[in-house]
Every structure is written in structure tokens, then in C-alpha cells.
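What you see is a predicted model; the values in this text were computed from it and never measured. Chain A is the first sequence line, chain B the second, and so forth, proteins listed ahead of strands; every chain is numbered from 1.
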2 protein chains.
Amino acid sequence: MAESEGWDAVTTRRLSAEIEYSQPVIYKHFASLDDLYEAVALQSFTELSDALREARGVAGLDDVRAVAQAYLDFADEHPALYEAMFTRSTRLPFGDSETPAALTAAFAELRAGIASVAQGRDVDTLTEVFWAALHGLVSLQRGGRLRHGAEDGRLGLLVESLSL
Amino acid sequence: MAESEGWDAVTTRRLSAEIEYSQPVIYKHFASLDDLYEAVALQSFTELSDALREARGVAGLDDVRAVAQAYLDFADEHPALYEAMFTRSTRLPFGDSETPAALTAAFAELRAGIASVAQGRDVDTLTEVFWAALHGLVSLQRGGRLRHGAEDGRLGLLVESLSL
DNA sequence: CTCAAACCATAGCATCGCTAGTTGTTATAG
DNA sequence: CTATAACAACTAGCGATGCTATGGTTTGAG
């Protein structure tokens, strides 16, 4: 529903009609809509992890580029899920001790993708910058802020810069 | 109002009370709330441009680093404005011919900041990647997805990577 | 068979963005 | 000076939202 009509179209009334229950039943499972977004975000993070893991190790492409491309593809194919992960879910922190496993797993995949080109640099920091650049590309492109047709050029430049 | 209580607290009724007019008057000036976000976003883009321009050319710091730091500072000091620019305003495209001047001006500032280290690479593409990385850092940090205390490390690594 | 505990629906609250209809005021034409 | 047109702003309301209080129905244990 969110993928086809956007998250604003996902109301508790429409949801309840879809599951053929009354509206208040939703609040027996989620304290609020934000909690529902959070649940969707968590599931989506493991989906993203899987996609990134499969991207590594394929022949003819270095891991950094493959993981980056897989990240962008995931965001492109599941815009609503990506929005739930990064825009609508307000509280899913990373640094804390209570970081959900799905989030650390996704981070670990990114880290595994770029670790080989770290060259003595701090891998965690490098991964964060890598992640930020990818997320920025997704976010800006989604808003129409980047030139069309230059996607490969941007990705190539990014990978090349971080690989040195 | 948005800065202190968040954009959700900015309702047409509260706005009308603030300006001491009735609610429908707002719709004589803006066709919708989205149009109002857009107006805020446009103004904020020129504010950002000014901040970036002032950052360049200061002694003892290379332009890339200075502009990047100014960008992050702006986002940190005006979280609601930044949100209006990149999250709430849905239609403010860049690539089109009707790109508002405020947006191209901001892009030009980023470009001027990083042009000196382009080294033969396409400057527009480099600027887009630069911008994406900065926006990603802002966005992820805002969501609590990055480690606290490592801000300088990330910025340093980013600038160093793109400067090669 | 009884009774309590889940479970779920009806109805409603407060609030939202937005609009139709109306009234009060100002500017203009005769 | 008056009548009329134009404008500007307000009152009231519509549909829809997230969320909740209340009450009925089913289930299962003793």
C-alpha cells in the first residue's frame, strides 16, 4: 500500500479494512503508527542486509562497487521501505547499547564491503562515510536534486575516491 | 515555531493565531501547506548559500573543509529549516530548466568550494557526490545512526578522500 | 453450568488541512 | 453625496485523521 500510494495513504482505517478487522485492533499490536513504521523499518533493514550480502563476492566486480550498487538498487526498488527506515522511523538509534540486531547487521554488511580498501584508515569511520554518501545519493536523487543520467558517474567517482 | 516544537506543531490554526488573522487568510498567500514549506525552503537555501560563501577564503583552512564544516554547522543550527529544504518540500527540482535561483546558487557555492581539488575530474559530478556525502552525514547523524564524538573523524576522512 | 478473562466492534473525541458562504470595509462611478 | 462594485477577512463547517472509552460477545477454566 505504501509502495503504490505513499505512506500518507496508509491510514489506520484503511489498514483495518485491509486486514478485515476493526480499527482499534491495530492498537493492540502497535502503540502508535510510529511504532508500526519502526516495525516495517526493522524488517526492511534485514532485507537490505540480505541484498548487500548477496552482492559481495560476485565475479568481475570489486566488493565496494557491488555493495554500493546493491544499496542504491534496494532504495530504488523499495522507496517506501527506504523511507520508513530513514525518514519516518524517528527512533532507531545506532550508537546506543540497545541497537537492534537488524541495524548492526546492515552496518556490518557495508563494513564488509569496504573493509578491503581501508588501507590503515579506521574502518568504522570509513563505513560511516561510505554509508552517508550512499544515503545522500539516494535522498537527493529522490528529491530530484541530482542530474538524470549521471548516476554511474557519481557512483564511480565515489567508489574511486573512497578506495584510495 | 518549527525550530522549537517541530514542524508537526506548525498548524494553520496556530499560524493564524500567531499572525493575528483568521485561518483562511493563510490560503490567500499559500495554496497549501506544502507551498508554505517550499517558501521556507527557498529562503533557507539562500541563507545556506550565504553561510557557505562566507566560509570560503578564511585563513588557515582549505576551502573544501571550510565549506563542508559550514554546511554541517548550518544543518546543526537550523534543523527545522534543513528539514523544510530536504524532507518536507517535495517539489524543488534541480535538473529542470525551472530550477529556482536560490538552489543553483547553493550548488554553485559547494562547487566553488571543491573545484580547486577536482584534478581533471568532472566538477559537476564531484560536487554532487560532495553534496550527497554532506547531506548523508547530516541525515544519518540526525537520526542517531552515527557514533557520537566521531564527527571530526568522518569529516576529515571525507575531505581527504574527495581531495585526492 | 458458571463466571471471569480475552477479544473485538461501535461510537466518539480532539484536531487536522482546507473551503464555502457571508459580512464588513474600502474604492469607484455617477 | 450616493449607489455600486471590489476587496478583504471572518464564521462555520466538511471530510478525514490518530487514537480511545465503553460495551458486547466469545472462549475457556473450574
Side-chain angles (χ1 to χ4, degrees), chain A residues 1-45 78-93 98 100 102-103 139 142-145, chain B residues 1-45 78-93 98 100 102-103 139 142-145:
Chain A
M1 197 187 299
E3 291 291 3
S4 57
E5 305 176 54
W7 277 107
D8 284 344
V10 181
T11 69
T12 57
R13 284 175 175 79
R14 282 198 58 185
L15 265 181
S16 61
E18 200 80 15
I19 62 179
E20 292 182 328
Y21 278 95
S22 76
Q23 196 194 6
V25 170
I26 294 176
Y27 293 89
K28 294 286 178 184
H29 301 263
F30 302 98
S32 69
L33 262 192
D34 283 340
D35 281 32
L36 194 147
Y37 297 146
E38 202 173 294
V40 172
L42 267 183
Q43 274 188 234
S44 304
F45 264 108
H78 311 95
L81 295 187
Y82 196 86
E83 188 183 344
M85 291 193 270
F86 290 96
T87 305
R88 309 203 67 103
S89 84
T90 169
R91 284 227 172 276
L92 272 184
E98 304 214 343
L103 279 71
S139 184
R142 187 159 300 185
R145 264 76 187 264
Chain B
M1 197 187 300
E3 292 290 3
S4 57
E5 305 176 54
W7 277 107
D8 284 344
V10 181
T11 70
T12 56
R13 285 173 175 81
R14 282 199 58 184
L15 266 181
S16 62
E18 200 79 15
I19 63 180
E20 290 183 329
Y21 278 95
S22 77
Q23 196 195 3
V25 171
I26 294 176
Y27 293 89
K28 295 286 179 183
H29 301 263
F30 302 97
S32 68
L33 261 193
D34 283 339
D35 281 31
L36 194 146
Y37 297 147
E38 201 173 295
V40 173
L42 266 183
Q43 273 189 234
S44 304
F45 264 107
H78 311 95
L81 296 187
Y82 196 86
E83 188 183 343
M85 291 193 272
F86 291 95
T87 304
R88 310 205 64 104
S89 83
T90 169
R91 285 227 173 275
L92 270 185
E98 302 215 343
L103 278 70
S139 184
R142 189 159 298 183
R145 264 74 187 266

Inset, instruction - Counting heavy atoms from C-beta on, name the nucleotide in dG17(C), dC10(D), dG18(D) closest to the side chain of Tyr21(B). - result: dC10(D)

Hey, could you give me the [atom1]/[atom2] distance between [X] and [Y], rounded to the nearest 0.5 Å?
X	Y	atom1	atom2	answer
Arg13(A)	Ile26(A)	CZ	CD1	10.0 Å
Arg142(B)	Thr87(A)	CZ	OG1	11.5 Å
Ser139(B)	Tyr82(B)	OG	OH	7.5 Å

Inset, instruction - Could you tell me which non-hydrogen atom of Tyr27(B) sits nearest to which non-hydrogen atom of Thr12(B), and how far apart they are? - result: OH-CG2, 3.4 Å

Legend entry - Side chain Glu38(B), main chain Ser89(B), donor-acceptor under 3.5 Å: no

Legend entry - Polar side-chain atom of Arg88(B) near backbone of Trp7(B) as donor-acceptor pair, under 3.5 Å: no

Inset, instruction - Could you check if a side-chain atom of Val25(B) sits within less than 4.5 angstrom of a side-chain atom of His29(B), using non-hydrogen atoms only? - result: yes

Inset, instruction - In sequence, state the C-alpha distance, the side-chain angles, and the governing distance for Leu81(A) and Glu3(A), and then conclude on side-chain contact (heavy atoms from CB on, under 4.5 Å). - result: CA-CA 8 Å; Leu81(A) 295 187; Glu3(A) 291 291 3; 3.6 Å; yes

Return the value, rounded to whole Å, for the distance between atom [atom1] of [X] and atom [atom2] of [N].
X	N	atom1	atom2	answer
Glu20(A)	dA9(C)	CD	P	11 Å
Gln23(B)	dA20(C)	CD	P	14 Å
Leu15(B)	dG17(C)	CG	C1'	12 Å
Leu33(B)	dC16(C)	CG	C1'	10 Å
Leu36(A)	dC19(D)	CG	P	10 Å

Legend entry - Interface residues of residues 1-11 of chain B with DNA chain C (non-hydrogen, below 4.0 angstrom): Val10(B), Thr11(B)

Legend entry - DNA chain D contacts made by residues 24-32 of chain B, counting heavy atoms under 4.0 Å: Pro24(B), Val25(B)

Inset, instruction - Give a yes/no on whether any side-chain N or O of Thr12(B) is located under 4.0 angstrom from OP1 or OP2 of dG17(C). - result: yes

